[in-house]
Amino acid sequence: MTSTPSIAPSSTKNRPSEPSAIEPSTEVSSRSSTIVDPVDRPQGPGQSEDDDDVNSQFEREAYGPPPGEKPVDPFEVTMPVDDPENPKSWSRPYRWYITMLSAMLVLNATFASSAPEGIIPDMMRQFAFGQEVATLTISLFVAGYCVGPLLWGPLSETIGRKPVFLISFLVYTGFQVGCALSQNTASILIFRFLGGTFAAAPLANSGAVMSDIWDADTRGKALALFTLAPFAGPTLGPTVTGFMAVSGISWRWVYWLLTFFAGACLVATALTLPETFVPILLVKRAQRLRKQTGDSRYWAPLERNKMTFSQRVKHVLGRPFIILALEPMLIAITLYMSFIYGCMYLLFEAYPIVFTEGHHFNLGFTGLTFLPIFVGGVIGVFTYLAFFNARYTRAIQAFAPHPVPPEYRLELCLWASPMFAICFFWFGWTSYPWISYWAPLMAGVPLGLSIVFLFLGLFNYVIDAYLFVAASALSSMTVIRSLFGASFPLFATQMYNTLNPRWASTLLGCIAVLMAPIPFVLRKYGHHIRRKSKYSPTGNLPHKPPVKNEKTGAEAV
């Protein structure tokens with residue numbers, strides 16, 4: 001209990017740049033995301049202080065005064081980073097537990113997205129629908145990801161992370177029961193879409209929880225491990241449900257399994273997950289102080305941040321797409337990541353054609369064919385931790401005291417973008433039935449590695465480049481990416497049957513080749529593009545390590 005408010009301004013370095021999506025790989029390093037004080041923030045061409053103050057608005061409205069500025073009055077409640085109630089000061093084992101629980105929530109949502117893959121033949125016999133409608137059981141769930149982040153991300157900034165998790169998972173669990181008890185096609189499709197909408201809550205907020213609890217030095221490692229969750233789920237779903245199908249049990253038990261999984265996560269969240277969003281913790285502290293002292297003058301910044309309905313609609317729905325429309329580099333990154341995400345879900349239709357029809361695998365073994373993608377993702381994460389993260393740490397030291405330019409995040413993408421394209425040529429031209437199934441199967445290992453590398457590099461680039469408006473940038477990316485993930489499976493079967501697996505995969509590989517230069521262009525010219533950006537406050541920062549004069553100690557770039 002704290003009987004008096006802390007009025008020491010909290011450190012800006014410990015304020016998250018608030019990634020909202022999904023996005024597991026939203027690392028914000030201590031230097032690459034150091035926020036320049038609004039008075040000294042570099043302004044790019046066309047960027048003015050009255051542009052809705054986009055890079056400091058959220059910080060001021062939620063966290064209070066930045067360093068160097070006094071609170072509005074002595075009764076404004078703040079929370080320094082060393083405060084016992086600040087999530088960044090909690091014990092490391094407890095924060096690692098929160099990390100694992102948050103990752104489990106994401107795994108739950110992504111596992112559910114692909115789970116029907118193993119029971120599609122049984123559902124087709126039960127409801128007498130065709131392959132296209134069967135594919136909707138996956139596509140509609142992913143389509144829910146387009147709607148959910150627009151709701152759950154901003155709502156968590158209003159009522160907190162934990163209430164959003166509890167509300168969404170309670171309803172999501174109910175929709176899994178609805179799927180298990182469905183008696184017609186319409187009901188199961190509706191429940192799948194609504195289930196995806198509510199399952200999107202951890203995709204929107206688990207990454208933000210990571211930003212809430214981890215100091216900048218450790219956050220990179222935590223988020224790199226956390227990245228496995230959104231890729232493990234889709235690859236493990238067909239594996240588990242495929243063997244459930246060949247065991248002879250009813251397809252309804254897949255949805256009962258999802259119900260039990262969601263219910264267990266709901267109970268764990270209710271009992272063990274604390275609130276981690278500092279502005280909400282400040283509100284609770286202010287309420288406690290008012291009750292303890294009887295003085296109604298204590299207040300928290302978020303309590304005075306009252307937007308009208310039209311302002312909130314503009315903030316939630318308008319800003320992400322305005323930023324997307326005005327930022328050419330964000331458009332390029334969004335299209336590239338959306339294509340990658342769409343290809344990942346397209347494989348749920350392509351793999352059965354190659355391995356079930358071509359190599360005559362049963363549903364259980366066809367599910368196992370997705371495991372090399374997961375193995376590649378694991379290799380990618382540990383390669384990042386062992387090699388690329390160490391190189392980035394050295395870059396932090398080289399650029400000190402300046403932030404590391406966002407372009408240094410793209411180093412791993414330079415390896416991954418050509419690798420991603422090559423994997424489709426590899427998979428396609430080894431998919432002949434008379435070639436050993438190990439040949440197309442092993443294409444999944446570098447494919448999974450390249451996907452993890454691309455997501456880690458590009459997500460972190462967006463966060464480092466856009467800082468406090470990264471939440472809006474990531475929200476728009478999540479919606480567009482989910483549209484691709486929902487739509488690609490709808491034409492995958494027709495494309496692979498019409499063109500055959502060789503030429504269908506070649507087409508995807510050629511598109512990947514056309515998009516592969518994007519990280520290379522951003523690596524070389526990104527600092528020039530950021531100088532012309534309205535929403536990136538990092539354009540005028542050094543893009544090369546400063547060279548110190550050995551005699552004077554002065555720095556020159």
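All values derive from a computational prediction rather than experimental measurement.
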Discussion item. With a 4.5 Å cut-off on side-chain heavy atoms, are T430 and W438 touching?
Written reply: no
Worksheet entry | Ring centers of F459, F455 separated by less than 6.0 Å | yes
Worksheet entry | Check: P372 and M442 side chains under 4.5 Å, non-hydrogen atoms | yes
Item to complete: Give the ring-plane orientation class for F427 versus Y496, where under 30° counts as parallel, over 60° as perpendicular and anything between as tilted.
Response: tilted
Worksheet item: Can we call the ring centroids of Y351 and F370 under 6.0 Å apart?
Response: yes
Practice prompt. Just jot down the ring-ring contact (aromatic ring centres under 6.0 Å, His included) partners of F491, sequence neighbours excluded, or say none.
Written response: F488
Item to complete: Would you please name every residue forming a side-chain contact (heavy atoms from CB on, under 4.5 Å) with T239, sequence neighbours left out?
Response: L368, L371
Response to the item:
Here the gap from I213 atom CD1 to N86 atom CG, rounded to the nearest 0.5 Å, amounts to 11.5 Å
Item to complete: For T99 and W214, test the side chains for any donor-to-acceptor distance below 3.5 angstrom and give the result as yes or no.
Response: yes
Practice prompt. Hey, can you tell me if F243 and F365 have their rings parallel, tilted or perpendicular (30° and 60° cut-offs)?
Written response: perpendicular
Worksheet entry | From CG (N205) to CG (L105), nearest 0.5 Å | 10.5 Å
Fill in: Y461: partners by side-chain hydrogen bond (donor to acceptor under 3.5 Å, both in side chains), with sequence neighbours left out
E407
Fill in: Pairs involving residues 245-265, ordered by first then second residue, that meet side chain to side chain donor-acceptor pair (under 3.5 Å) (sequence neighbours left out)
none
Listed pairs under 3.5 Å, donor-acceptor, residues 120-133 side chains, sequence neighbours left out:
from, atom 1, to, atom 2, distance (Å)
D122, OD1, R125, NH2, 2.2
Q131, NE2, E349, OE1, 3.4
E132, OE2, Q494, NE2, 3.2

Discussion item. Quick one, T369 and T366 - any side-chain contact, counting heavy atoms below 4.5 Å?
Written reply: yes
Fill in: side-chain contact (heavy atoms from CB on, under 4.5 Å) assessment of L454 paired with S417
CA-CA 7 Å; L454 287 166; S417 58; 4.2 Å; yes
Worksheet item: Could you walk me through whether S89 and D83 pass the side-chain contact (heavy atoms from CB on, under 4.5 Å) check?
Response: CA-CA 7 Å; S89 68; D83 191 293; 5.6 Å; no
Response to the item:
Sorted by chain and residue number, the side-chain contact (heavy atoms from CB on, under 4.5 Å) partners of S102 (sequence neighbours excluded) come out as I98, S206, V209, M210, F226
Practice prompt. Determine yes or no for a side-chain-to-main-chain donor-acceptor pair under 3.5 angstrom, with S182 supplying the side chain and N184 the backbone.
Written response: no
Worksheet item: Taking all atoms of both residues into account, what is the closest heavy-atom pair of A504 and L499, and its distance?
Response: N-CB, 3.9 Å
Discussion item. The criterion is side-chain contact (heavy atoms from CB on, under 4.5 Å); which residues satisfy it with S168, sequence neighbours excluded?
Written reply: W152, F198, A201
Worksheet item: Of the non-hydrogen atoms in S139 and A486, which two are nearest, and what is the gap between them?
Response: OG-O, 2.8 Å
Worksheet item: If you measure from CD1 on I190 to CG on L140, what distance do you get to the nearest 0.5 Å?
Response: 9.5 Å
Practice prompt. Report yes if the side chains of L257 and V240 come closer than 4.5 Å at any heavy-atom pair, otherwise no.
Written response: yes
Discussion item. To check you understand the geometry: which heavy-atom pair defines the closest contact between F191 and C179, and what is its length?
Written reply: CB-SG, 3.5 Å
Response to the item:
Closest heavy-atom pair, A416 versus F453, reported as atoms and distance to 0.1 Å, is CB-CB, 3.5 Å
Worksheet item: Between L324 and I480, is a side-chain contact (heavy atoms from CB on, under 4.5 Å) present by the stated rule, with each step listed?
Response: CA-CA 10 Å; L324 177 63; I480 303 301; 4.2 Å; yes
Fill in: M495 side chain near L346 side chain, heavy-atom distance below 4.5 Å
yes
Worksheet entry | M477 vs L330, side-chain contact (heavy atoms from CB on, under 4.5 Å): CA-CA, chis, key distance, verdict | CA-CA 8 Å; M477 289 173 62; L330 186 61; 3.8 Å; yes
Could you pull out all donor-acceptor pairs under 3.5 Å where a side-chain atom in residues 272-283 meets a protein atom, sequence neighbours excluded?
from, atom 1, to, atom 2, distance (Å)
T272, OG1, Y97, OH, 2.7
T272, OG1, A268, O, 2.5
E275, OE1, R161, N, 3.1
E275, OE1, K162, N, 3.1
E275, OE2, R161, N, 3.0
E275, OE2, F277, N, 3.0
T276, OG1, D212, OD2, 2.9

Worksheet item: Could you state the interatomic distance from CG (L101) to SG (C265), rounded to the nearest 0.5 Å?
Response: 7.0 Å
Discussion item. Using 0.5 Å steps for rounding, measure from the CG atom of N500 to the OG atom of S431.
Written reply: 7.0 Å
Discussion item. Restricting to ring-ring contact (aromatic ring centres under 6.0 Å, His included), what partner residues turn up for F424, sequence neighbours left out?
Written reply: F420
Worksheet item: Is the closest side-chain heavy-atom distance between L456 and F388 below 4.5 Å?
Response: no
Discussion item. Main chain of T137, side chain of R192: is a donor-acceptor contact present, judged purely on distance under 3.5 Å?
Written reply: yes
Practice prompt. Supply the atom-to-atom distance L181 CG to S187 OG, rounded to the nearest 0.5 angstrom.
Written response: 9.5 Å
Response to the item:
Here the pair of heavy atoms bringing P433 nearest to G358 is CB-O, 3.5 Å
Worksheet item: Sequence neighbours excluded, which residues qualify as ring-ring contact (aromatic ring centres under 6.0 Å, His included) partners of F361?
Response: F355, Y437
Worksheet item: Do any pairs count as a side chain to side chain donor-acceptor pair (under 3.5 Å) and have a residue in residues 107-119, sequence neighbours left out, and if so which ones?
Response: N108-Y172, S113-Y345
Worksheet, complete the sentence: By side-chain contact (heavy atoms from CB on, under 4.5 Å), I379 pairs with (sequence neighbours left out) V375, T383, V445, L449
Discussion item. Within the structure provided, determine whether W90 and P84 are in side-chain contact (heavy-atom separation under 4.5 Å).
Written reply: no
Worksheet item: Does a side-chain heavy-atom distance below 4.5 Å link T334 with R481?
Response: no
Worksheet item: What pair of heavy atoms forms the shortest contact from F165 to P202, and how long is it?
Response: CE2-CA, 3.6 Å
